[in-house]
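Owing to the predicted nature of the structure, the values given are computational and were not obtained by experimental measurement.
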Amino acid sequence: RPQPVHVTAAERAQTLKGLLPSASASIDSLLNELQAELFTPNGGNEAIARRAAWDILSKTVQSKLKIIILGYNYEGIKETS
């Protein structure tokens, strides 16, 4: 769903981590490279950012395929016993 324009990149990263916890390391890496690009004179490492983005994309596709194949979000179910 769309997010308000005033939401920062760090807040968006936190939201994404909540939705896709398996990609937390890649999300942090991508956020760090974005912040380095925006706020440091040396800039971010494009190769690291691309690798992190591809990892997030692949984990998103894997998650969606699990939902399609299983019919529900298996990781989202908490055991009650």
Side-chain angles (χ1 to χ4, degrees):
R1 71 181 188 235
Q3 293 188 6
V5 289
H6 65 273
V7 176
T8 65
E11 292 170 328
R12 291 174 194 259
Q14 283 302 115
T15 302
L16 186 56
K17 282 188 217 177
L19 295 171
L20 196 62
S22 63
S24 290
S26 294
I27 294 167
D28 286 335
S29 178
L30 186 59
L31 178 62
N32 289 339
E33 295 307 317
L34 169 71
Q35 290 175 340
E37 181 65 32
L38 293 175
F39 304 117
T40 63
N42 297 332
N45 187 329
E46 186 177 336
I48 292 173
R50 285 181 190 266
R51 196 173 318 120
W54 276 109
D55 186 52
I56 294 167
L57 180 63
S58 69
K59 288 184 179 176
T60 301
V61 169
Q62 288 173 353
S63 177
K64 292 294 183 183
L65 284 174
K66 282 183 184 177
I67 292 170
I68 290 170
I69 292 170
L70 296 175
Y72 57 90
N73 186 357
Y74 186 73
E75 282 84 19
I77 297 175
K78 306 273 186 211
E79 295 210 18
T80 57
S81 54

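Summarising the geometry of Thr15 relative to Gln3, their closest heavy-atom pair is CG2-NE2, 3.7 Å, with the distance given to 0.1 Å. In terms of heavy-atom proximity, Pro4 sits nearest to Arg12 at O-NH2, 3.2 Å. What you find for Leu20 and Ile27 is that their closest heavy atoms are O-CD1, 4.1 Å. Contact detail for Ser22 and Lys59: the closest heavy-atom pair is O-NZ, 3.0 Å.
The line from CD1 of Ile56 to OG of Ser24 is 9.5 Å long, rounded to the nearest 0.5 Å. Interatomic distance, CD1 of Ile68 versus OG of Ser63, reported as 10.0 Å (0.5 Å rounding).
The closest side-chain heavy-atom distance from Gln14 to Glu11 is not below 4.5 Å.
Here the side chain of Glu33 pairs a donor or acceptor atom with the backbone of Asn45 at under 3.5 angstrom.
Hydrophobic clustering (side-chain heavy atoms under 4.5 Å, transitive across Ile, Leu, Val, Met, Phe, Trp, Tyr) groups Leu30 together with Leu16.
Each of Thr60, Asp55, Val61 was scored for a side-chain contact (heavy atoms from CB on, under 4.5 Å) with Ser58, with one residue passing: Asp55.
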